[in-house]
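Okay, structure first, notes after.
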Amino acid sequence: MCVNDLVVQGAEPLFFLDYYATGKLSVETARAVVSGIAQGCREAGCALVGGETAEMPGMYADGDYDLAGFAVGAVERSNLLDGTQPRAGDVLLGLASSGVHSNGLSLVRRVFDGAGLAYDAPCPFETVALGEKPAPTLGDVILEPTRIYVKACLAALATGGVTGFAHITGGGLVENPPRTFDVSLAARIDVSGWALPSLFRWLAETGGIEAAELARTFNCGIGMLVIVRSNAVNDVTEALTQAGETVHRLGLLEPRTDGGPAIFLDNLARWSA
């Protein structure tokens, strides 16, 4: 999440530092956590420069731990994406997410509690080939690691056609894109441009979540939005695809009427079908 938030400014992540706190250190658990952080740093192309491990008996329940961290990046001032570059007619591309991306988990827990579900229950909407590997649990699917978009976004920036990025975190497709352009513009996103992943459809059906609330809480299958000049769509799409991303064409930026909304989600009723 940290490095994805950096690259939306046009910055290349340089290093990450973590903070791990617990009541009593479990070496096995800490080793697994730090290994995951190191893997994330490799995927982002940044260095893990160190961190802090704190034992605080009485502050944490047995087996609990707290994890935080931050990343530092760099960008040439002339290349900074500050929200002034996008203009009407720019095309919106979306990069596929790997799951909930660590957001909306309070609502996820309410869905589980309301339905009386256990996290180690077999996942009802993910299947695997017989004998290939064990079927995933609901917990496995919910906790799928957040996709790291750094290398793909930097490759897209190198084409010269990108005018903005929006990392789709808490606030979903409603609250995140407007951070990327000024108040004279609105984003029109056609949700029929991609298939709502089975995880989000299952959450909506199981928890009785309306489509508008789904879009306001979750990424709904789009983890990063890329704003591109219309004449650069092919080059940017090719760069993103070559970097391993699944790219969807979502819509356009258009002029915003005075007092009008910043986001239009067309065909949202499809998610309730």
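Values in this document were obtained by computation on a predicted structure and should not be read as measured data.
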Straight-line distance of Thr159 OG1 to Asp235 CG, nearest 0.5 Å: 6.5 Å
For Asp62, is the CG atom crowded, meaning more than 12 foreign heavy atoms sit under 6.0 Å from it? no
Report whether Phe181 and Val162 are members of the same hydrophobic cluster (ILVMFWY, side-chain heavy atoms less than 4.5 Å apart, transitive linking). no
Checking side-chain polar atoms at under 3.5 Å, does Asn234 have a donor or acceptor matched by the opposite partner on Thr237? no
With side chain to side chain contact (heavy atoms under 4.5 Å, CB included) as the test, would you mind laying out the steps for Leu138 and Cys123 before giving the verdict? CA-CA 5 Å; Leu138 282 167; Cys123 182; 4.2 Å; yes
Are Val33 and Tyr65 side-chain neighbours, meaning at least one heavy-atom pair lies under 4.5 Å? yes
Which one of Val8, Ile227, Leu93 satisfies the side-chain contact (heavy atoms from CB on, under 4.5 Å) criterion with Phe165? Val8
Begin from the C-alpha positions of Leu199 and Ile142 and carry the test side chain to side chain contact (heavy atoms under 4.5 Å, CB included) through to its verdict. CA-CA 8 Å; Leu199 165 61; Ile142 294 297; 3.7 Å; yes
No-hydrogen, no-angle side-chain donor-acceptor test under 3.5 Å, Asn219 and Ser97: yes
Once you measure the plane-to-plane angle for Trp271 and Trp194, does it fall in the parallel (<30°), tilted (30-60°) or perpendicular (>60°) bin? perpendicular
Quick check for you: to the nearest 0.5 Å, what is the distance between Leu17 atom CG and Cys2 atom SG? 10.5 Å
Measure across Pro261 and Ala186 and return the closest heavy-atom pair with its distance rounded to 0.1 Å. O-CB, 3.6 Å
Does Glu52 use its side chain to pair, donor to acceptor, with the backbone of Ala21 at less than 3.5 Å? no
Tell me whether Leu173 is reachable from Val226 by hopping between hydrophobic residues (I, L, V, M, F, W, Y) whose side-chain heavy atoms are closer than 4.5 Å. no
Within the 4.5 Å heavy-atom criterion, are Asp90 and Leu252 side-chain neighbours or not? no
Is there a continuous path of hydrophobic side-chain contacts, each under 4.5 Å between heavy atoms, that joins Val7 to Ile37? no
Measure the CD1-CD1 distance between Ile222 and Ile189 for me, rounded to the nearest 0.5 Å. 8.5 Å
Are any side-chain N or O atoms of Asp266 and backbone N or O atoms of Asp190, one a donor and one an acceptor, separated by less than 3.5 Å? no
Aromatic rings Phe15 and Phe70: how do their planes relate, parallel, tilted or perpendicular, breaks at 30° and 60°? perpendicular
Are more than 12 heavy atoms from other residues, nucleotides or ligands located less than 6.0 Å from atom CD of Glu254? yes
Distance-minimising heavy-atom pair for Val72 and Leu6: C-CD1, 3.7 Å
With rounding to the nearest 0.5 angstrom, report the CZ to OG1 distance, Phe218 to Thr169. 13.0 Å
Quick one, Lys151 and Glu43 - any side-chain contact, counting heavy atoms below 4.5 Å? no
Considering all heavy atoms, the nearest Leu240-Ala156 contact: CD2-CB, 3.8 Å
Return the minimal non-hydrogen interatomic distance between Arg229 and Arg87, and the atom names on each side. NH1-CG, 3.3 Å
Should the pair Trp202 and Phe125 be assigned to parallel (<30°), tilted (30 to 60°) or perpendicular (>60°) ring geometry? tilted
Checking Asp182 against Thr84: is there a side-chain donor and acceptor pair closer than 3.5 Å? no
Once salt bridge (charged side-chain N to carboxylate O under 4.0 Å, His left out) is applied, do any residues pair with Arg256, and if so which ones, sequence neighbours excluded? none
CG/Leu203 to CD/Glu213 distance, rounded to the nearest 0.5 angstrom? 12.0 Å
Please check: side-chain N/O of Asp140 versus main-chain N/O of Thr137, any donor-acceptor pairing under 3.5 Å? yes
Closest non-hydrogen atom pair between Thr22 and Tyr60, with its separation: C-CD1, 3.7 Å
Report yes or no: do Leu81 and Leu185 belong to one cluster of Ile/Leu/Val/Met/Phe/Trp/Tyr joined by side chain heavy-atom distances under 4.5 Å? no
Where do His167 and Met1 land on the side chain to side chain contact (heavy atoms under 4.5 Å, CB included) test, with the steps shown first? CA-CA 9 Å; His167 184 201; Met1 305 298 283; 4.0 Å; yes
Going only through I, L, V, M, F, W and Y residues with side-chain contacts under 4.5 Å, is there a path from Leu107 to Phe200? yes
So do the side chains of Thr146 and Asn4 get within less than 4.5 Å of each other, counting heavy atoms only? yes
Mark yes or no for whether Ser98, through its side chain, and Pro145, through its backbone, hold a donor-acceptor pair below 3.5 Å. yes
In sequence, state the C-alpha distance, the side-chain angles, and the governing distance for Asp66 and Met59, and then conclude on side chain to side chain contact (heavy atoms under 4.5 Å, CB included). CA-CA 10 Å; Asp66 188 22; Met59 284 291 292; over 6 Å; no
Considering all heavy atoms of both residues, which atom of Ile168 and which atom of Met224 are nearest to each other, and what is their separation? CG1-N, 4.2 Å
From His248 atom NE2 to Ser192 atom OG, the distance as rounded to the nearest 0.5 Å: 12.0 Å
